[in-house]
Q: 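Quick one: the structure is below, and I'll ask about it shortly.
For ligands, and for the atoms within them, numbers begin at 1 and follow the listed sequence. Computed from a predicted structure; not experimentally measured.
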Amino acid sequence: MIKDSVKALLSSTDYNRPVEVKGWVRTKRGSKEVAFIAINDGSTIHNIQAVVSIASFPEEVLKNVNTGACVCIKGTLVQSQGKGQTVEIQAESMEIYGTADETFPLQKKGHTLEFLREIAHLRPRTNTFGAVFRVRHAMAYAIHKYFNDNGFFYIHTPIITGSDAEGAGQMFRVTTLDMKNPPKGADGAIDYTEDFFGKETNLTVSGQLEGELFAMALSKIYTFGPTFRAENSNTPRHLAEFWMIEPEMAFYDVNDNMDLAEDFLKYLVKYALDNCKDDIDFLCNMYDKELLNKLNMVVSKAFKRITYTQAIEDLKNSGKKFEFAAEWGADLQKEHENYLVEMFGAPVMVTGYPKEIKAFYMKLNEDGKTVRGMDVLFPYVGEMIGGSQREENYDTLVVRMKEMHIPEKDMQWYLDTRRFGTAPHSGFGLGFERLILFVTGMTNIRDVVPFPRTPKNAEF
Ligand code: 4AD
Ligand code: MG
C-alpha cells in the first residue's frame, strides 16, 4: 500500500489507484447515503476529502469519525466531481486510531487567537497554526540555506553563560544552589563559588560575543539559537525566550553590514513568497489583506538608510504629536519607528546612534558621540534587526567598557580578540519570531512561537 501525505495526494493525477491516508478529521458532513470526511495531516493547509458510502460501514465506526479524531482510510484516489477539490478518496476501509468526543475544544472554526493561546497544546491542529508553523519551518530552512550558500559557518554558541553580552542586566539566573538556604560568604552575600560552575551563571541574551571570537578565525559565521531576556515587557513583540540569528563577519564595516541585512531579509521574504504560497494566501485572507503587498514591498523596494540624527530631525519636522517627544539622545520609541517606516514607505535602516543608548561593543565614530549601530525597522514589527560595526580598537573598547560599567575582569577572553590580530568586523541579530510575525501577518508574537514564555506565563 502506498502511503502518501495529503499534500502529495492532492497534487496527484495518478487516478484510480489504491491509496491510504492517515490524519485528523476536520469535518464530517453528508446525507443519509454518503458522508464526506475532510482529513488533514498537516502536510498542507488543504484537506483531502474521503467519500464514504454509509451503507458499507458499521454505524459504530462512522459515529466515532468526528472532528478531532485520528483515522486511517484506505480506498481509491479518484477525480472529484464536487467543487473545491480535484481529487478525493472513495473509502473502502477505515480504522480509527483515536476518537475525539464533543469535548474536543476545536469544534468547527471561529475561535479567537486569545482562546487558542489557552489551549496552545491543541492549537497546532488549526488551519492558522498549521500555516504559521509551516512558514516558520520554511524560514528556518531558508536562513541556513542563505548562509550556507554565501560561505557562512554555523556556530553553536553557549546557552549558559557567565557574561552579559548586551550589558543590560536582564538575565535569568542558572543555579543548583538551594535557594532556601544558600551558602554565604563572610560578607553575608551568596557564595557562588559553591555553585555548579563555581561562579554566577545565566541564560544567554545573545550569542554575539562568542560569535565574534569565531569570526576572528572563520571570517563569516552565524548563530541561530534560543536567547533569553528577563525584561518585563508585556507587549505583542516581546518574548522572554526567543530565537535569534546572529551573523558576524570579519572585514565588514557598517555599510557592508547593512548590505548584508537588506539582501538577507529580501531573500527570506522572497523565499516565503515562492515556497509558502498556500499558507500565505490563507493568512492574507484571514488576518491581513495587505500581507502580500507588504511582502512584495520588502522584496522590491530599496531599504531607506538614514542616520539617527536625521531621523530625529525628520520626527521633529513631522509636526506630529508623539506621546514621547523625539529628542536627540533618547531611544527611538515604537511610535517613532512606525512613523519613519510609514514616511519612507519601506523598511528603514538607522545608523549612528548616541553611544549612551547602545551597547559597549559598538564602534565609536570620529565625533566621539555616536556609534556605528544599525537597526532595521519594519512595518508593524518595529525593530526587526539590531546590529553594528564592532569596536576593534583595544584601548577604545576598554574605555567604553568602563563608561558602561562592564566588569573587565570577566571579559578578558573577549578583549583578547583585540589584543591578538584584531580586525574590523560587524554583525547583527535578527529576532526570529519578529521575522515570522511579519511574514505571516500575525499581530501577536505569542502566536508565532510554539509555547510562548512571557512575564507570568510558562505554561506547557
Ligand atoms: O537589538 P538586540 O538586543 O541585539 C543583540 O542582541 C545583538 N547582540 C545582536 C548582534 O549584533 N549580534 O536584539 C536583536 C534582535 C532585535 O532587533 C529583535 O528583533 C530581537 O532580537 N529581540 C527580541 N525578539 C523577541 N522578544 C524580545 N524580548 C526581543 N529582544 C530582542
Ligand atoms: Mg536592539
Q: Could you tell me whether a side-chain N or O of Thr67 sits under 3.5 Å from a main-chain N or O of Arg26, the two making a donor and an acceptor?
A: yes
Q: Nearest heavy atom to atom 6 (O) of ligand 1 wins, so pick from Gln208, Lys358, Arg229.
A: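 Looking at heavy atoms only, the winner is Arg229.
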Q: Can you pull out the closest protein heavy atom to atom 11 (O) of ligand 1? Residue, atom name and distance to 0.1 Å, please.
A: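 Checking every protein heavy atom, the shortest distance to atom 11 (O) of ligand 1 gives Arg390 NH2, 2.9 Å.
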Q: Does ligand 1 have an atom that lies less than 4.0 angstrom from a heavy atom of Glu248?
A: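 Glu248 does not count as a contact of ligand 1 under the 4.0 Å cut-off.
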Q: Give me the nearest non-hydrogen protein atom to atom 4 (O) of ligand 1 as residue plus atom name, then the distance to 0.1 Å.
A: Glu166 OE1, 3.9 Å
Q: Please work out whether any backbone atom (N, CA, C, O) or any side-chain heavy atom from C-beta onward of Phe242 is under 4.0 Å from ligand 1, and answer side chain, backbone, both or neither.
A: side chain
Q: Ignoring hydrogens and geometry beyond distance, is a side-chain donor-acceptor pair present between Asp314 and Gln310 at under 3.5 Å?
A: yes
Q: I need the nearest protein heavy-atom contact for atom 14 (C) of ligand 1: residue, atom name and distance, please.
A: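 Its nearest protein heavy-atom neighbour is Met244 SD, 3.4 Å.
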Q: What residue and atom, counting heavy atoms only, is the protein's closest point to atom 9 (C) of ligand 1, and at what distance?
A: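 Looking only at protein heavy atoms, the one closest to atom 9 (C) of ligand 1 is Glu246 OE2, 3.3 Å.
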Q: Hey, is Tyr361 touching ligand 1 through its side chain, its backbone, both or neither, going by heavy atoms under 4.0 Å?
A: side chain
Q: Taking only Lys NZ, Arg NE, NH1 and NH2, and the carboxylate oxygens of Asp or Glu, determine whether Glu313 and Lys316 approach each other closer than 4.0 Å.
A: no
Q: With heavy atoms under 4.0 Å as the rule, classify the contact between Arg434 and ligand 1 as side chain, backbone, both or neither.
A: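 Under 4.0 Å from ligand 1, Arg434 contributes side-chain atoms alone.
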Q: Taking non-hydrogen atoms only, is Glu433 closer than 4.0 angstrom to ligand 1 via side chain, backbone, both or neither?
A: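 Within the 4.0 Å criterion, Glu433 makes no contact with ligand 1.
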Q: Determine yes or no for a side-chain-to-main-chain donor-acceptor pair under 3.5 angstrom, with Arg136 supplying the side chain and Ile436 the backbone.
A: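 No, the answer is negative, given that no donor and acceptor are paired below the 3.5 Å cut-off.
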Q: Counting only heavy atoms closer than 4.0 Å, does ligand 1 sit against the backbone of Glu241, its side chain, both, or neither?
A: neither
Q: How close does the nearest protein non-hydrogen atom get to atom 20 (C) of ligand 1, and which residue and atom is it?
A: Gly431 CA, 3.6 Å
Q: Donor-acceptor pair, Asp41 side chain versus Val6 backbone, under 3.5 Å?
A: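 Yes, the answer is positive, given that a donor and an acceptor are paired below the 3.5 Å cut-off.
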Q: Quick check: of its N, O or S atoms, which one does Glu383 have closest to the Mg ion (ligand 2)?
A: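 Nearest N/O/S atom of Glu383: OE2.
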Q: Between Thr227 and ligand 1, which part of the residue brings a heavy atom under 4.0 Å of the ligand: side chain, backbone, both or neither?
A: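 For Thr227, there is no contact with ligand 1 at all, from either part.
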Q: I'd like to know if the side chain of Tyr380 and the backbone of Thr443 have a donor-acceptor N/O pair within less than 3.5 Å.
A: yes
Q: Does ligand 1 have any atom sitting under 4.0 Å from a heavy atom of Gln389?
A: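 So Gln389 does not count as touching ligand 1.
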Q: Salt bridge or not between Asp278 and Arg134? Use side-chain N to carboxylate O under 4.0 Å.
A: no
Q: May I ask you to list the atoms of ligand 1 that are less than 4.0 angstrom from any heavy atom of Ile385?
A: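 In order of number, 17 (O).
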Q: Considering distance alone, does some N or O of Met384 sit under 3.5 Å from an N or O of ligand 1?
A: yes
Q: Tell me the protein heavy atom at minimum distance from atom 1 (O) of ligand 1, and give that distance in Å.
A: Glu383 OE2, 2.9 Å
Q: If you compare all heavy atoms of Leu437 against all heavy atoms of Pro236, which two are closest, and at what distance to 0.1 Å?
A: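 For Leu437 versus Pro236, the nearest heavy atoms are CD2-O, 4.0 Å.
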Q: With a 6.0 Å cut-off on the ring centroids, do Phe147 and Phe224 count as close?
A: no
Q: Look at the side chain of Thr417 and the backbone N and O of Leu213, then say whether any donor-acceptor pair between them is shorter than 3.5 Å.
A: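 Looks like no, no N/O pair under 3.5 Å.
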Q: Could you list which atoms of ligand 1 come closer than 4.0 Å to a heavy atom of Gly387?
A: 11 (O)
Q: Note the single closest protein heavy atom to atom 15 (C) of ligand 1, along with its residue, its atom name and the distance in Å.
A: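 Checking every protein heavy atom, the shortest distance to atom 15 (C) of ligand 1 gives Gly429 O, 3.5 Å.
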Q: Among Arg400, Gln208, Glu391, Glu212, exactly one meets side chain to side chain donor-acceptor pair (under 3.5 Å) together with Tyr361. Which residue is that?
A: Gln208
Q: Give the atom numbers and elements of ligand 1 that come within less than 4.0 Å of a heavy atom of Arg237.
A: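 Those qualifying, in numeric order: 25 (C), 26 (N).
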Q: Please state which protein non-hydrogen atom is closest to atom 26 (N) of ligand 1 and give its distance, to 0.1 Å?
A: Leu239 N, 2.9 Å
Q: Is there a side chain to side chain contact (heavy atoms under 4.5 Å, CB included) between Phe214 and Glu248? Walk through the geometry before answering.
A: CA-CA 8 Å; Phe214 276 80; Glu248 191 71 34; over 6 Å; no
Q: Atom NZ of residue position Lys266 - does it have more than 12 heavy atoms of other residues, nucleotides or ligands inside 6.0 Å?
A: yes
